Every structure is written in C-alpha cells, then in structure tokens.
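First comes the structure, then the notes that go with it.
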Amino acid sequence: MATDRTHPVVVIPGDGIGPEITEATIRVLEATGVTYTWRETLAGEAARVRHGHPLPEETLTAIRNVGVALKGPLLAPKQTGRITIRQADGSEVTYPSVNNALRRELEVFANVRPVKSFAGVRSPFPRLDVVIMREVTEDTYIGWEEMKGPDEAWAIKRITRRASERIFRYAFAYARRNGRAKVTAGHKANVLNLTDGLFLQCGRDVAAAYPDMIFDDCMVDALCLRLVTQPELVDVLVLPNQYGDILSDLCGGIAGSLGLAPGANVGDAVSFFEASHGAAPDIAGRGIANPIALILSGAMLLDHLGEMNAAARVRAAAASVLQEGRWLTPDLGGVANTAELTRAVVGAL
Ligand code: ATP
C-alpha cells in the first residue's frame, strides 16, 4: 500500500546515460502507485549549456527547498573538472568536480552504497551482500592540491574527528536498523599513521557505544583481497572518501555489473539518490544502459519518503526480472535494451 501523500522530488536527469535511466526510474517509481510532484532541474553539461555553469544556484536552491532528489550521473572530466561556487556571503569556493561540489554544497555526509549479487546475474560471488558507507566531506577529495614547481604536485588529506565519528555513528545506526551484525573500518593506518589512524580510532570510539555489534578493521589493500576472495566476510564497510570511491566500483564489478549498485547521499537536511556508476559516455544515447542501479536508488528514495512497502515491491520486481534472465541488458550478458528491461520491471510490479 502506498501512503496518500504526494511527494515533491527534484529530478536531475544528468549527463551521458543519465536521462535514459532517469526516465526509466521515474516510470518504475510511478508504477508503485505512490504519487510525486517531479521538479526537473539541471546540473552537469546540460546546465553548462543552458545556464553557463554546471551547478547553477537555482539547482542547489531547488534541492535545498525540497530536501530530496533523484539524480542521474554527471560527467567528471579528467584534470579539468574543477568548479567554483559563489557563497551567500559573496565569497567563492572551488571544488574538484561537480559531483564533489553537489555533495559538499548540500552538506550530505554519507554515501551509502548497498551492493549485492542477484540470482540470474553472473557473478563469481552469488552471496555478495555488502553496504559501503563512504565519508564524502573530506579526505584527499577536498581538492586541496598545489603545484610545487613544474614537476611536483602536492595534495592534502584531511581527516577530522567530527566527520569520522559522524560516519561511524551513521554506519552503526544503519547496521542496527537493517539487521546487520558487523561494521568494518577500512583504512591504511600502517602507512598513514595520523590521518587514517585518526579515522580508525574514531571507529573504535564509536564502536564502544554499540556493544551488541561486531566491529573490526582491515587495511584497504587486504580489504580488496578479501572482497575478491571471501566477500561474505564483509558486511557494513566504512571508508574514507577516496577508498570508498574505489571500492564501490570494485564491489559493483564483483556483483556482476556497475549497473546494479545503487546509492544514497545522506545529510541532516537533504538526501539525494543516485547510482554508484558514472555517466558511461561510451554507451550514452544507444538505449542499452542498465537502469537497475538507479531504479534501486529509487527504492532507497522511497524508503526515505516513508514508502517502505513500495520500496520493497520495487526491489522484489527488479530481483525477479533479473532472475528470470529474459530482459538483461548487454552489461549483464543479455541483449535487451533499457526500455525492455524497464517495461519488465513495471510489469513485475
Ligand atoms: P565516474 O568516475 O564518473 O564514476 P567512471 O569512470 O567510473 O565514472 P562509468 O561512467 O561508471 O565510469 O563507466 C565505467 C564502465 O561501466 C563503462 O564501460 C560503462 O559503459 C559501464 N557502465 C557504467 N554504468 C553502466 C550502466 N548503468 N549500464 C551499463 N554499463 C554501465
């Protein structure tokens, strides 16, 4: 049963395959019977063309006002993606990429990425079921880089107790709420003694308040090995920003495709929902993108709106279509297109 509320939701179609998978996701979300007022706004290349800036003030204002958004992926150009945003007091802040700017301007702090394998999808690990909790406000991704002459470049890695404790508190609360037993901190504290050392220590400090949960830690290199050999040993995984970015793709790969891994960016006032993958320009416009990651991000959005029943139905419909195996997109080894897979999920609903 859907509630009888109408939910305002901002939609950012995004770049590359973004508009295709966003349209697919809206069709599925509407098929649940939940009602929405979609407010489309632009970011990325479309915003640069229309407004002369990849992240216009009106986009940020729309999301802040509504508090919830469904977002397609945005292109992150290599080496040239830095963007500057004017603040309310007239000062300017420069961010390393548009995705980074969006997360930090909206003050989200946790990027939650549940990655699991599905019956019907080839994966070396049919029991993969990991939730990545990526801290998204700091680490090397603050973008404080500097050339020290023509042949030397420096980057600052920033870790604070405040942000680290916040992500661990969120991870433990999430784990308890979702019936998960173990939280693992990923780090490289044997080399980065101070920064990753502080991150790890914050994990231990927060874990002390959750005696019912198992807490352990693992060096990020050993974690990669564990994920590709015994992923069933990993449950909720808390990572600083950069490792979280990298291990998300690794987990998507071992689940069978990047096109299966959804994501939520969670803050105190604003949350927005996006697939773990990028804009996939190599397949954009061909109608063959896998929409499942964004559809499952839509299920996370429904949970956030309090529409748990509809969320569960979307997950079940997606899982049954994958299991049936008839409407798989090429990334999953099939020959179906985005529209056919979407139609099958709507049909299953
Ligand atoms: P970013 O750095 O912005 O996250 P990326 O460099 O990791 O992006 P992606 O855009 O995620 O790259 O694409 C990586 C590969 O995965 C590409 O070959 C792309 O076609 C494929 N891919 C990503 N998402 C999907 C999807 N939804 N359906 C099918 N293939 C996908």
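What you see is a predicted model; the values in this text were computed from it and never measured.
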Item to check | Distance-minimising heavy-atom pair for Leu332 and Ser257 | outcome: CD2-CB, 3.6 Å
Checklist entry - Do Arg286 and Glu20 meet the salt-bridge criterion of a basic N to acidic O distance under 4.0 Å? => result no
Checklist outcome for this item: The side-chain hydrogen bond (donor to acceptor under 3.5 Å, both in side chains) partner of Asn241 among Glu135, Arg134, Lys157 is Arg134
Identify all side-chain donor-acceptor contacts of residues 66-79 below 3.5 Å with residues at least two apart in sequence or on another chain.
from	atom 1	to	atom 2	distance (Å)
Lys71	NZ	Asn99	OD1	3.2
Lys71	NZ	Glu274	OE1	2.5

Next on the checklist: Walk me through whether Glu165 and Gln201 qualify under side chain to side chain donor-acceptor pair (under 3.5 Å).
Outcome noted: CA-CA 9 Å; Glu165 288 189 348; Gln201 187 54 48; over 6 Å; no
Next on the checklist: If you apply the rule side chain to side chain donor-acceptor pair (under 3.5 Å), what do you find for Thr61 with Glu57, and how did you get there?
Outcome noted: CA-CA 6 Å; Thr61 304; Glu57 184 53 38; 3.2 Å; yes
Checklist outcome for this item: Across all chains, not counting sequence neighbours, the ring-ring contact (aromatic ring centres under 6.0 Å, His included) partners of Phe168 are Phe199
Item to check | Heavy-atom pair of closest approach, residues Val335 and Glu340 | outcome: O-OE1, 4.5 Å
Item to check | Step-by-step side-chain contact (heavy atoms from CB on, under 4.5 Å) determination, Arg161 to Arg166 | outcome: CA-CA 8 Å; Arg161 176 171 290 279; Arg166 184 173 56 181; over 6 Å; no
Item to check | Ala339 backbone acceptor or donor facing Asn337 side chain under 3.5 Å | outcome: yes
Checklist entry - In terms of heavy-atom contacts, does CD of Glu23 have more than 12 from other residues, nucleotides or ligands at under 6.0 Å? => result no
Checklist entry - In chain order, what residues pass the side chain to side chain donor-acceptor pair (under 3.5 Å) check against Ser276, with sequence neighbours excluded? => result Arg113
Checklist entry - Ser297 side chain to Gly263 main-chain N or O, any donor-acceptor pair under 3.5 Å? => result yes
Checklist entry - Can you find a heavy atom in the side chain of Asp217 that is under 4.5 Å from one in the side chain of Arg204? => result yes
Item to check | Heavy-atom pair with the smallest gap, counting every atom of Ala318 and Ile292 | outcome: CB-CD1, 4.1 Å
Checklist entry - Does the side chain to side chain donor-acceptor pair (under 3.5 Å) test come out yes or no for Glu58 and Thr41, once each step is laid out? => result CA-CA 8 Å; Glu58 63 180 67; Thr41 181; 5.0 Å; no
Item to check | For Trp38, ring-ring contact (aromatic ring centres under 6.0 Å, His included) partners two or more places apart | outcome: Tyr36
Checklist entry - Who passes side chain to side chain donor-acceptor pair (under 3.5 Å) against Gln323, sequence neighbours left out? => result none
Checklist entry - Rest of the hydrophobic cluster containing Ile142 (Ile/Leu/Val/Met/Phe/Trp/Tyr, side-chain heavy atoms under 4.5 Å)? => result Trp144, Ile156
Checklist entry - Can you tell me how far the CG atom of Leu260 sits from the SG atom of Cys251, to the nearest 0.5 Å? => result 12.5 Å
Next on the checklist: Any side-chain to backbone donor/acceptor pair from Asn193 onto Val191? Under 3.5 Å, distance only.
Outcome noted: yes
Checklist entry - Tell me, which pairs form a ring pair (Phe, Tyr, Trp, His ring centres under 6.0 Å) where one or both residues lie in residues 96-116, sequence neighbours left out? => result Phe109-Tyr170
Item to check | Least distance between heavy atoms, Ala62 atom then Val10 atom | outcome: O-CG2, 3.6 Å
Checklist entry - Any side-chain heavy atom of Arg158 within less than 4.5 Å of one from Asp139? => result no
Checklist entry - What's the verdict on side-chain contact (heavy atoms from CB on, under 4.5 Å) for Val130 and Leu247, showing C-alpha distance, side-chain angles and the deciding distance? => result CA-CA 11 Å; Val130 173; Leu247 265 59; over 6 Å; no
Checklist outcome for this item: With sequence neighbours left out, the residues meeting side chain to side chain donor-acceptor pair (under 3.5 Å) with Asp268 are none
Checklist entry - If only atom types and distance count, is the side chain of His187 paired as donor or acceptor with the main-chain N or O of Leu192 below 3.5 Å? => result no
Item to check | Pair Thr6-Thr37, side chain to side chain donor-acceptor pair (under 3.5 Å): steps then yes or no | outcome: CA-CA 7 Å; Thr6 295; Thr37 322; 5.6 Å; no
Item to check | Nearest non-hydrogen partners of Ala255 and Val121, listed with the distance | outcome: O-CG1, 3.9 Å
Item to check | Sequence-distant partners of Asp303, salt bridge (Lys or Arg N to Asp or Glu O under 4.0 Å), two or more places apart | outcome: Arg315
Next on the checklist: Ignoring hydrogens and geometry beyond distance, is a side-chain donor-acceptor pair present between Glu138 and Thr160 at under 3.5 Å?
Outcome noted: yes
Checklist entry - Side chains of Ile26 and Glu40: does their closest heavy-atom pair fall under 4.5 Å? => result no
Checklist entry - Taking only residues two or more places apart in sequence or in another chain, which ones pass ring-ring contact (aromatic ring centres under 6.0 Å, His included) with Phe273? => result His304
Item to check | Within-4.5 Å side-chain heavy-atom neighbours: Val34 and Glu30 | outcome: no
Item to check | Set of residues satisfying side chain to side chain donor-acceptor pair (under 3.5 Å) with respect to Ser123, sequence neighbours excluded | outcome: none
Item to check | Exam field: side chain Thr59 to backbone Leu55, donor-acceptor pair closer than 3.5 Å | outcome: no
Item to check | Other ILVMFWY residues reachable from Leu200 by side-chain steps of under 4.5 Å | outcome: none
Checklist entry - Which atom names give the shortest non-hydrogen contact between Ala163 and Thr137, and what distance separates them? => result CB-OG1, 3.8 Å
Next on the checklist: When you measure from the side chain of Arg313 to the backbone of Thr32, do you find a donor-acceptor pair of N or O atoms at a distance under 3.5 Å?
Outcome noted: yes
